[in-house]
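Sequence lines set the chain letters: A, B, ... in the order given, protein chains first and strands last, and positions in each chain run from 1.
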Amino acid sequence: MNKFVVATLLVLVFLTEPAQAHRFSTSFLQLDSGQDHPQEFDWSWRIVEHDLAVVAPFLVNNQKQLLPLAELAAQQQSFADFVATRVSFNAECSLEVLPVVQLTREVYAGQEFVVIHGHGGCPLALLKEVQVNKVFAEIKNHKVIIEIGDKEKHGVLSQAQTTWQVE
Amino acid sequence: MTKNGLRVLVLLVFTPLGCGVAAAPFSEAERYAAYVTAGKDETQHELHDQAAELWQQAKPELASLPSKERARWWLAHADLLQFEHRFDEALQAIDKVLKEQELQENAYLIQARIALTRHDLAAANTACQQLVDHAPMDVVATCMLEVQGRAGELATSYPALQRLHTRNQNPESALTKWRKQILAEQAQLLERYDEALRWLGYPNYQQQAVVVQKQLLDVLLAMGRGNEVLELTGKCPAVSKLPVDSLLVRIAHAESLQNKQHCWRQVAQERMQLRKLRADELHTSDLAYYFTYVQPDAEQAVHWAKLNSAVAREPFDRALLKAAQEIQP
């Protein structure tokens, strides 16, 4: 096969494949009032395992799968730093990351998600702003769906809009 | 193109070694083009990130490059833009290629592709005609017969394409594969479904490109052969092995016709819910399909089908909008 043939192949093949199979990536940030601790709110961030491998490679093994619990525990400081640099709330509501062992797994829409849990240091009613940083540059076409309570309020964060003002 | 084919393609482009492959090393522009092409495969989309890095590095230097190399960069960039449905920007990139008076065959073919996607038949025809001075006649004829078919002149274009195919049917040729895809589309539009299946290589399914798989499923569904769709696609998949959404909604449609299980519909419902929450304005045909055929909802179906038609107006897109508008609320 000569160079010309390769070039022709490139063009004709892509012409037979118009835009159709785009990959996009979505994570979910769920915010709920604390059941037995109303002075704080609970948050959980559901992110696809292979996306976690991109943004926090120290949490996965060579197969891009979440490390076993024992190994995760050793990554607690890096994990806390990672979350603190990705998610933030308005100043009154400090972000608290629970121990790394709080990572859990879920399957939704045919994908395996890892769920990270934490607290916000204020009652949910005082939450005014949610900001997600860096992730949109790290994962292409990523959006974060934010949901408060049982979908009472929801917002979408993306590269174009990294801060959500809670109405 | 199959996934294996794409990997082979990348190897061919990245490995300028013996075995009859060109001896000269490949240029940066060709490397960029290879990333763009291979990155279209769903499993290798990360190659588009690498392509983007190459583009950012190269863009300030383009003016200092030889004309042909500059044209290669712009051509591959146009391809990436059209893949992302950024058609106006893609056409501007094509103008840059044509200004160099290089690679006109590929440039006009992309122009025609974009015009066909927008159902701008006059522009598509012009682009095909421009090919006359730059491409083999078989390429020009295939291009023009595709446009003719889109204009509804299938009674003329389909037999002409068949004659062309009889004359030149090297199965490995990219031109042959492209022409067979057009033949399948025209056979489908003529409701000559058995012939469409033949052009699509039925029952070979797993090795086909996604675009061909989608067409195959559409033909089988049009024939009422939903059971064969489920046979081809297998059991509801293990986690993280889901087909792309365009295939998923069709399989879920087949499942709803068979009414044997709910697995595909359940996953499709979750995927579509996720897509709705994202509220992307591009690539909405899967949502329109879902709310037209799988979980009929007149309002949702028309909403997403109209958004889709604002970007893509190929025969499938127009048929989808019509079907959505015919759903009884």
Side-chain angles (χ1 to χ4, degrees), chain A residues 1-30 46 48-51 53-54 63-65 105-114 137-147 151 154-161, chain B residues 1 5 9 12-13 20-22 24 26 30 33-34 36-37 40-42 45-46 48-49 75-76 79 82-85 103 105-106 109-110 112-113 117 139 173-175 177-178 181 209-212 214 237 239-242 244 246 248 267 270-271 273-274 277-280 282-283 312 314:
Chain A
M1 182 182 286
N2 63 32
K3 202 169 168 181
F4 172 76
V5 174
V6 172
T8 305
L9 186 68
L10 286 173
V11 171
L12 289 178
V13 165
F14 66 55
L15 285 176
T16 62
E17 294 195 45
Q20 32 94 22
H22 290 253
R23 174 175 290 178
F24 56 81
S25 150
T26 312
S27 63
F28 297 84
L29 190 58
Q30 176 75 38
R46 274 193 289 161
V48 175
E49 193 168 28
H50 61 69
D51 287 342
V54 174
Q63 283 75 48
K64 298 186 176 179
Q65 290 170 331
R105 288 166 180 273
E106 273 181 21
V107 174
Y108 179 73
Q111 292 181 299
E112 192 148 33
F113 284 80
V114 170
E138 294 167 321
I139 312 171
K140 202 174 180 184
N141 290 331
H142 188 74
K143 288 192 176 180
V144 179
I145 312 292
I146 305 173
E147 292 177 334
K151 298 179 186 172
H154 96 270
V156 182
L157 295 183
S158 64
Q159 179 91 47
Q161 187 185 346
Chain B
M1 177 174 254
L9 178 67
L12 281 171
V13 174
V21 179
F26 286 93
E30 287 166 314
V36 168
T37 305
K40 290 178 185 177
D41 184 286
E42 210 237 346
H45 272 338
E46 70 279 2
H48 281 178
D49 298 335
L75 182 75
D79 181 30
Q82 72 89 23
F83 180 74
E84 293 177 345
H85 276 177
L103 308 175
E105 175 183 4
N106 300 337
L109 281 169
I110 295 184
R113 174 86 273 133
T117 302
V139 172
S173 141
L175 174 61
K177 290 176 183 170
W178 175 37
Q181 199 182 331
V210 168
V211 67
V212 175
K214 187 169 83 166
V239 173
S240 301
K241 290 182 179 172
L242 218 55
V244 297
S246 58
L248 177 63
V267 182
E270 292 174 354
R271 290 286 300 172
Q273 175 63 17
L274 197 150
L277 288 169
R278 286 179 58 90
D280 294 325
L282 288 180
H283 317 299
E314 300 205 60

Review point. Atom CG of D280(B) and atom OG1 of T26(A): how far apart are they, to the nearest 0.5 Å?
Key: 7.5 Å
Review point. Is there a side chain to side chain contact (heavy atoms under 4.5 Å, CB included) between L242(B) and Q111(A) once you walk through the steps?
Key: CA-CA 8 Å; L242(B) 218 55; Q111(A) 292 181 299; 5.7 Å; no
**Study point:** Pairwise distance CG(L274(B)) to OH(Y108(A)) - rounded to 0.5 angstrom
**Key:** 6.0 Å
Review point. What are the two closest non-hydrogen atoms of R278(B) and V156(A), and how far apart are they?
Key: O-CG1, 4.4 Å
**Study point:** Spacing of H48(B) atom NE2 and N141(A) atom CG [to the nearest 0.5 Å]
**Key:** 11.0 Å
Revision key, fill the gap. If one checks every heavy atom of K143(A) against chain B at 4.5 Å, the contacting part turns out to be both
